[in-house]
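I have placed the structure first, in the form of structure tokens, so that the comments after it can refer back to it.
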Amino acid sequence: MNLEKVIFGAFVILSFTLNFGFFIGEIDNPKHHHELELAATLVVNLIAMTLKFGDRTHIGAIHLATSIVAVIQLLAASVVWMWATQVSHLPTEGEVMATVVSLSGGALAANFISVALMIGETLRRTR
């Protein structure tokens, strides 16, 4: 068993599952989306992205691209949330929360692609 592949796979799947956990729920209800869960999702996605830098294959480049997209989406969601609550003093319900959750949904799509690529690559190697 290759420990590097285990760690890589764990962080890719953890990125997806944390993102899914934040995304699920009523889109405009802040009680269904916790800011610390978004922060954890961003941190784990950043770690997963750094783990993808070493792969020089074409599939590795696609993995890195999906991670970059996910991190950009999550950073945007975090900035929108912080700006709305800390600078503009807007309530987190309604439009603000819907925007944050929608941006995390884009990251979720990128993380889903990354997991699908990882599964496809794993299945191809075992044949």
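The chain is numbered in sequence order, starting from 1.
Taken from CD in E37 to CZ in F23, the straight-line distance is 12.5 Å, to the nearest 0.5 Å. Remark: L42 CG to L75 CG distance equals 5.0 Å, nearest 0.5 Å. In this structure, CG in L51 is found 11.5 Å from NZ in K5, a value given to the nearest 0.5 Å. K52 NZ to I59 CD1: the interatomic distance, rounded to the nearest 0.5 Å, is 10.5 Å. To the nearest 0.5 Å, the span separating CG on L14 from OG1 on T17 amounts to 4.5 Å. Annotation: the span from I13 atom CD1 to S114 atom OG amounts to 9.5 Å, rounded to 0.5 Å.
F11 and V69 fall into different hydrophobic clusters, where Ile, Leu, Val, Met, Phe, Trp and Tyr are joined by side-chain heavy atoms under 4.5 Å apart, directly or via other members. Using a 4.5 Å cut-off between side-chain heavy atoms of Ile, Leu, Val, Met, Phe, Trp and Tyr, with links allowed through other members, L46 and L38 fall into the same hydrophobic cluster. L36 and I24 are not part of a single hydrophobic cluster, where members link through side-chain heavy atoms under 4.5 Å apart. When the side chains of ILVMFWY residues are joined at heavy-atom separations under 4.5 Å, either directly or via intervening members, I62 and V115 end up in two distinct hydrophobic clusters. Residues I47 and M49 fall within the same hydrophobic cluster, defined by Ile, Leu, Val, Met, Phe, Trp and Tyr side chains chained together at heavy-atom separations under 4.5 Å.
The heavy-atom pair separating T92 from M97 by the smallest distance is O-CB, 2.8 Å. Shown here for N45 and A70, the closest heavy-atom pair between the two residues is OD1-CB, 3.6 Å. The minimum heavy-atom distance between T66 and A110, with the atom names listed, is O-CB, 3.5 Å. Residues Q73 and G106 come closest through the heavy atom pair NE2-CA, 3.1 Å. Closest of all the heavy-atom pairs between A40 and L18 is O-CD1, 4.0 Å. Across all their heavy atoms, S15 and A48 have their closest contact at OG-CB, 3.6 Å.
In this structure, P91 and V96 have side chains that are not in contact, with every pair of non-hydrogen atoms separated by 4.5 Å or more. S104 is not listed as a side-chain neighbour of T41, based on a closest heavy-atom distance of 4.5 Å or more.
In this structure a side-chain-to-backbone donor-acceptor pair under 3.5 Å is present from H33 to E26.
Using a 30° and 60° split on the angle between ring planes, F8 and H63 fall in the perpendicular class, above 60°.
Here the options are V101, I113, N19, the test is side-chain contact (heavy atoms from CB on, under 4.5 Å), and the partner is L108; only N19 passes.
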